[in-house]
Every structure is written in structure tokens, then in C-alpha cells.
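The structure appears below as C-alpha cells.
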Amino acid sequence: RDGAALALRAETAPPTGWTVRHTHAEGGYANLTVTRPGLVFAFAGVNEHGLAGAVAAFGPIRTEERWRVPGALLLEQCIERLDAIEKALEWCERRPGGGAALLVFADAGGATAALRIEGERRTRVPAPTHFAAPSGSSVPIDYEAEEGPKLAVRVQELFGLDKHPS
């Protein structure tokens, strides 16, 4: 029921709002992802096995890397195909990609991990512990919440946020 309300709000949002997609790729896992209209990749998502992920930061693709898949596109593939953090990290480490991205993963058991992508380089890093709000506040991220990773922030603290949180 809550998912239906979220999807309804996303569908009625203005073109600059968020879009929630529910997909079930053939041979993959049912999942929900969140994106912005006009973007190919998802900013965040979770699948039926509890593997959740988010693009915590991303950067431009250098001219010489334009033919490569941007690192941010890997997140959605992980959510559709994989059921565990370690599998997601290993899969992303073997894929070619360009640009810069920080992919953060969490599972239903509370485990977290992140992968920094810089061109062809892949580095495992700890998942971020806080979100830096435009207001200047540093808001802790609760990865052990029953419903999955969350943070509590007043809407007013998000005013001025003009891109995906990084």
C-alpha cells in the first residue's frame, strides 16, 4: 500500500520531480528504482531479496571514455540481477565503465559496502555514515533500520538541493 502511494506521487510530480519504476526483468529480480525524468540510470533501488543500492555521487565522462558505460548505470543492473552485496561488488569490479561514481549497497541484514568508480579503476570503500544537507547539517544514515537504510532530515534542510545527494 505504501509503495502504491509513493508511485502515485511520483507519477503526478512535475517533469523535474522523481519517477519510481517497478520492473521485473526476465530472469532477474522484481525491483523498485527511483530516477529523474529523462535519465537512463536509476539513483537508487531495492530488489525482492533486499539488496538495495544508491548512486551516492557521480561525475562526468571524459571525452576519451564516451564509448564506455557510465559507472552509474551499473547500479540498476546489480539491483535487477544480484541478491547479495558481495556479488554486486564483484560484478561491478569486472565491468568496464567510465566517468566517476560512488555506488553504495546495503542488504536486509544491515550490511553495507561501497564501490568508488573512477574510469577503469574500482576501489572498495566504506559506505558513507552521514548525509551532508545543503543547510550544513550532517545527518547520520541508519543502515540497520527495519525498512532499510534511512535518514531523518527536515524538508527545510534540503532547500537548495539541485542534484542527487552526494
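Numbers for residues simply follow the sequence, beginning at 1.
- Side chain of Arg122 to main chain of Arg95: a donor-acceptor pair is present (N/O by atom type, distance under 3.5 Å, no hydrogens or angles).
- One finds the SG atom of Cys78 at 4.0 Å from the CZ atom of Phe105 (value rounded to the nearest 0.5 Å).
- Looking at residues two or more places apart in sequence or on another chain, you find a salt bridge (Lys or Arg N to Asp or Glu O under 4.0 Å) between Glu93 and Arg124.
- Between Leu115 and Val125 there is no side-chain heavy-atom pair separated by less than 4.5 Å.
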Tell me which donor-acceptor pairs under 3.5 Å the side chains of residues 47-56 have, and how far apart each pair is, sequence neighbours excluded?
from	atom 1	to	atom 2	distance (Å)
Asn47	OD1	His49	N	2.9
Asn47	OD1	Gly50	N	3.2
Asn47	OD1	Leu51	N	3.2
Asn47	ND2	Ile79	O	3.0
Asn47	ND2	Leu82	O	2.7
Glu48	OE2	Ala30	N	2.8

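- In this view, Glu80 satisfies the side-chain hydrogen bond (donor to acceptor under 3.5 Å, both in side chains) rule with no residue, not counting sequence neighbours.
- Proximity of Ile117 to Leu103: side-chain heavy atoms (C-beta onward) are separated by under 4.5 Å at one or more points.
- Arg121 pairs by the salt bridge (Lys or Arg N to Asp or Glu O under 4.0 Å) definition with Glu118, not counting sequence neighbours.
- Ala106 approaches Thr112 most closely through the heavy-atom pair CB-CG2, 4.1 Å.
- Shown here for Asp107 and Ile85, the closest heavy-atom pair between the two residues is N-CD1, 3.7 Å.
- Residues satisfying the side chain to side chain contact (heavy atoms under 4.5 Å, CB included) criterion with Ser137, sequence neighbours excluded, are Ala133, Ser135, Val139, Glu157.
- Annotation: side-chain hydrogen bond (donor to acceptor under 3.5 Å, both in side chains) contacts involving residues 25-35, sequence neighbours excluded, comprise Arg21-Thr33, Thr23-Asn31.
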